[in-house]
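For reference, positions follow the sequence shown, starting with 1.
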Amino acid sequence: MSITQKSGGGDEAATATNAADGESEELGAAGAQLSTQPADTLAQTPGLGVVGWLRWMWRQLTSMRVALILLFMLSLAAIPGSLIPQHSDQLKVDAFQQKHPTITPLYERLGMFHVYSSPWFSAIYILLFVSLAGCIVPRTWQFVGQLRSRPPATPRHLTRLPAYSTWRTDATPEQVSAAAERALRGRRFRVSTTGTSVAGEKGYLREAGNLMFHVALFGLLIAFAATSLEGAQGGKLIVEGDGFTNNPTQYDDFSGGTLYGKSDLQPFGFSLDSFDATYATSGPERGSGRTFRANIHYWTGPDGKPTKGEISVNHPLSIGGEKVYLISHGYAPVVTVKDARGNVAYQGAVPFLPQDTLGTATGVVKVPDALDKNGKPDEMAFRGIFTPTFALDKVRGPHSSFPALDYPALILNAYHGDLGIDAGLPQNVYQLDTTHMTQLKEPDGELVSKALKPGDTMTLPDGRGSLRFDGIKTWASFTVSHQAGNEAALVSGAAAILGLMGSLFIQRRRIWVRAVPSGDGDTLVEMGGLGRSESARIADEIGDVALQLQPDAPAKPDPDPDPDPDEADAATGDVPAPDSRPGDSAPQPADEGARA
């Protein structure tokens with residue numbers, strides 16, 4: 001018995017190519033249809049006419065190469081959405097536009113502030129969607145046809161296959177084919193017997209994995225589309241002690257989807273009871289956060305009972321079917337502002353926005369209801385910074401050296417004039433437009449500016465009023481997110497991984513066994529194997545099947561090799577006659593491989 005596997009790596013590929021092109025009549029049916037991948041048509045010339053061009057473009061769009069290109073383009077197109085602020089966080093967009101006024105108009109024309117809803121991103125997305133659909137449907141029908149069809153008939157020349165084995169036996173061809181059928185079925189091959197030839201095929205899960213992977217990608221696209229169409233999110237900054245109701249008027253910013261708007265908001269709410277934050281106090285990571293936790297009470301429905309809950313970083317809370325995420329936190333100095341007539345014109349906590357990791361924050365206190373000594377409107381404003389742990393140097397000026405409230409200070413400048421609120425134009429509550437305002441000065445000409453500790457009061461010149469720093473509260477910023485496609489995306493992602501594993505680790509392969517009578521009265525057994533991809537496993541499997549057949553079709557011992565002619569001449573002095581025994585098989589050509 002001999003087993004042959006061809007080396008060099010090129011014979012198997014050449015065999016498959018010739019089978020696909022019809023150049024090998026013997027392996028045309030046997031070597032074809034090992035994959036449901038459509039043929040590459042990029043090199044084909046389209047037929048003349050509009051219909052021919054449309055057919056050609058459709059073939060290119062649904063080809064695997066174009067699908068991979070579109071998937072790569074979609075990945076590249078998503079990069080700006082993670083690097084450039086999006087309209088879902090309008091505060092960051094406004095800050096970016098003010099910091100980069102030159103590039104902002106170009107970004108707006110290109111849709112960089114709403115990448116995932118831009119026309120160019122949608123075009124790539126839709127093309128990939130159509131490409132996958134056009135690829136999945138024909139492959140599915142082709143795969144179903146392969147499952148329903150019988151394994152291809154045994155090729156005429158099994159010696160041309162990548163793996164080959166042959167031996168002679170005294171068993172009849174019928175006994176050999178019956179034993180081969182039992183052996184292949186025992187190895188879970190799908191078997192077809194024609195006469196004394198047996199064909200077996202195995203590894204259909206490889207193509208099933210390919211289809212599962214493509215269908216899972218299709219499902220991911222549908223899930224992302226559902227998230228975009230039915231998704232929505234809004235942001236809200238809440239000061240300690242205040243609450244929030246899931247109502248459009250309560251949001252600082254809200255971005256709804258095409259199929260989910262403000263009228264679809266679920267009835268729920270929550271209040272911020274306190275905020276816990278701890279920081280590293282020593283070492284190279286001094287000042288970095290350790291714990292951020294918002295302690296809340298939430299309720300669902302108009303008559304819902306308040307329930308205690310916690311929201312921390314990377315641990316959102318599900319309320320009323322929506323996810324509530326903790327985004328950031330900071331401090332809100334509590335101030336009391338009196339006008340020139342001694343009336344309290346403003347009292348409350350004012351959130352200051354952090355500017356660095358150590359807690360240095362900036363903010364604005366706007367007092368639109370202040371009056372002057374004569375009772376006429378004289379709007380006031382205060383702009384400055386808040387430092388949880390006050391520090392001062394000549395280079396950085398006043399700043400915070402630690403994010404905890406170790407030595408809090410409030411440094412403010414005072415203005416009066418027109419805030420522009422009555423003009424009807426929208427304003428950012430965290431920024432001050434001083435176009436129509438004048439900064440207050442002391443009698444000596446120095447600008448009014450003072451660093452306040454909790455309990456301190458800043459008196460304004462000319463009897464214009466005062467500001468008292470009463471205390472400090474914490475604030476937290478939350479994002480309420482409605483995401484419709486999360487479950488579908490999770491299932492599709494898991495299916496894509498399983499399908500990819502199946503397509504990578506399962507080998508599609510075929511084995512043929514043919515038994516025919518030989519001229520010596522015995523039976524010549526031939527076995528051949530063909531795999532979907534070049535691998536040594538097919539030769540090993542051929543060998544295992546051959547050994548399994550030995551009890552039913554034992555191999556006859558090879559005849560003694562003929563004596564070397566030179567040795568015979570030297571021993572007897574005669575020239576040996578040519579060996580003409582019938583039934584001996586011709587030696588294998590050199591290019592058929594080395595026998596083991």
- request: Of all the heavy-atom pairs spanning Leu549 and Ala183, show the shortest one and how long it is.
  value: CD2-CB, 4.1 Å
message: If I take atom CG from residue Leu220 and atom CG from residue Leu490, how far apart are they, to the nearest 0.5 angstrom?
response: 10.0 Å
Heavy-atom donor-acceptor pair, Trp167 side chain to Gln550 backbone, under 3.5 Å: no
- prompt: Which atom pair, heavy atoms only, marks the closest approach of Ala226 to Ala484?
  reply: O-CB, 4.1 Å
task: Apply the test side-chain contact (heavy atoms from CB on, under 4.5 Å) to residues Phe121 and Leu74: give CA-CA distance (whole Å), side-chain angles for both, the deciding distance (0.1 Å), then the verdict.
output: CA-CA 7 Å; Phe121 188 88; Leu74 190 69; 3.7 Å; yes
message: Has Ser118 got a side-chain atom pairing as donor or acceptor with Val115's backbone, closer than 3.5 angstrom?
response: yes
query: Is it true that a side-chain atom of Ser481 and a backbone atom of Lys323 form a donor plus acceptor pair closer than 3.5 Å?
result: no
query: Taking atom CE of Met501 and atom CE of Met212, what is their separation to the nearest 0.5 Å?
result: 11.0 Å
- prompt: Would a 4.5 Å heavy-atom cut-off, applied to side chains only, mark Ile79 and Leu76 as touching?
  reply: yes
- request: Kindly give the heavy-atom pair with the smallest separation between Leu110 and Trp120, and that separation in Å.
  value: O-NE1, 2.7 Å
- request: Kindly assign one of parallel, tilted or perpendicular to the pair Tyr107 and Phe96, based on the angle between their ring planes and the thresholds 30° and 60°.
  value: parallel
- request: Report yes if the side chains of Pro155 and Arg160 come closer than 4.5 Å at any heavy-atom pair, otherwise no.
  value: no
message: Counting C-beta onward and ignoring hydrogens, is there a side-chain heavy-atom pair between Leu70 and Phe129 closer than 4.5 Å?
response: no
- prompt: Do any N or O atoms from the side chain of Thr523 and from the backbone of Ala171 form a donor-acceptor pair under 3.5 angstrom?
  reply: yes
message: Counting C-beta onward and ignoring hydrogens, is there a side-chain heavy-atom pair between Leu128 and Leu217 closer than 4.5 Å?
response: no
- request: Report yes if some heavy atom in the side chain of Tyr325 is under 4.5 Å from a heavy atom in the side chain of Ile311; otherwise report no.
  value: no
Nearest atoms (heavy-atom pairs only) where Ile506 meets Arg206: O-NH1, 2.8 Å
field: Parallel, tilted or perpendicular: rings of Phe244 and Tyr251 (30°, 60°)
entry: perpendicular
task: For Tyr204, look at atom OH and say whether over 12 heavy atoms of other residues, nucleotides or ligands are found less than 6.0 Å away.
output: yes
message: Quick check: closest heavy atoms across Arg187 and Lys202, and the distance to 0.1 Å?
response: O-NZ, 2.8 Å
- request: Spell out, as yes or no, whether a donor-acceptor pair under 3.5 Å connects the side chain of Thr300 to the backbone of Gly304.
  value: no
- prompt: Looking just at side-chain N and O atoms, do Asn247 and Thr249 make a donor-acceptor pair shorter than 3.5 Å?
  reply: yes
side-chain contact (heavy atoms from CB on, under 4.5 Å) evaluation trace for Val130 with Trp58: CA-CA 10 Å; Val130 175; Trp58 173 254; 3.8 Å; yes
- prompt: Is it true that atom CH2 of Trp141 has more than 12 heavy atoms of other residues, nucleotides or ligands lying nearer than 6.0 Å?
  reply: no
- prompt: Quick one: does Leu237's side chain get under 4.5 Å of Tyr430's, heavy atoms only?
  reply: yes
- request: State whether the side chain of Trp512 and the backbone N or O of Pro152 hold a donor-acceptor pair below 3.5 Å, judged by distance alone.
  value: yes
message: Please report the interatomic distance CG(Leu158) to CD1(Ile511), rounded to the nearest 0.5 Å.
response: 11.5 Å
- prompt: Does Asn210 reach the side chain of Phe143, with side-chain heavy atoms less than 4.5 Å apart?
  reply: no
- request: State whether the side chain of Ser255 and the backbone N or O of Gln233 hold a donor-acceptor pair below 3.5 Å, judged by distance alone.
  value: no
query: After noting the C-alpha distance and the side-chain angles of Leu265 and Phe254, does the key distance pass the side-chain contact (heavy atoms from CB on, under 4.5 Å) rule?
result: CA-CA 11 Å; Leu265 295 177; Phe254 181 84; 3.7 Å; yes
message: Could you go through Arg182 and Gln548, starting from their C-alpha distance and side-chain angles, then the distance that decides it, and tell me whether this counts as side-chain contact (heavy atoms from CB on, under 4.5 Å)?
response: CA-CA 10 Å; Arg182 290 193 303 270; Gln548 191 173 347; over 6 Å; no
message: If I take atom CG from residue Asp552 and atom OG1 from residue Thr172, how far apart are they, to the nearest 0.5 angstrom?
response: 10.5 Å
message: Measuring from atom CE of Met57 to atom CD of Gln60, what distance do you get when rounded to the nearest 0.5 angstrom?
response: 9.5 Å
- prompt: Relative to the ring of His482, is the ring of Tyr260 parallel (under 30°), tilted (30 to 60°) or perpendicular (over 60°)?
  reply: parallel
query: When you measure from the side chain of Ser131 to the backbone N and O of Leu61, does any donor-acceptor pair fall under 3.5 Å?
result: yes
- request: Measure the spacing between CD of Glu322 and OG1 of Thr479 and express it to the nearest 0.5 Å.
  value: 13.0 Å
message: Closer than 3.5 angstrom, by distance alone: can the side chain of Gln86 be matched with the main-chain N or O of Ile84 as a donor-acceptor pair?
response: yes
- request: Please work out whether the ring planes of Trp53 and Trp56 are parallel, tilted or perpendicular, with thresholds of 30° and 60°.
  value: perpendicular
Contact check, side chains of Pro267 and Asn246, non-hydrogen atoms, under 4.5 Å: no
- request: Using only heavy-atom distances, determine whether the side chains of Glu108 and Gln97 contain a donor-acceptor pair under 3.5 Å.
  value: yes
field: Where Ile542 and Gly529 come nearest, the two heavy atoms and their spacing
entry: CD1-N, 3.8 Å
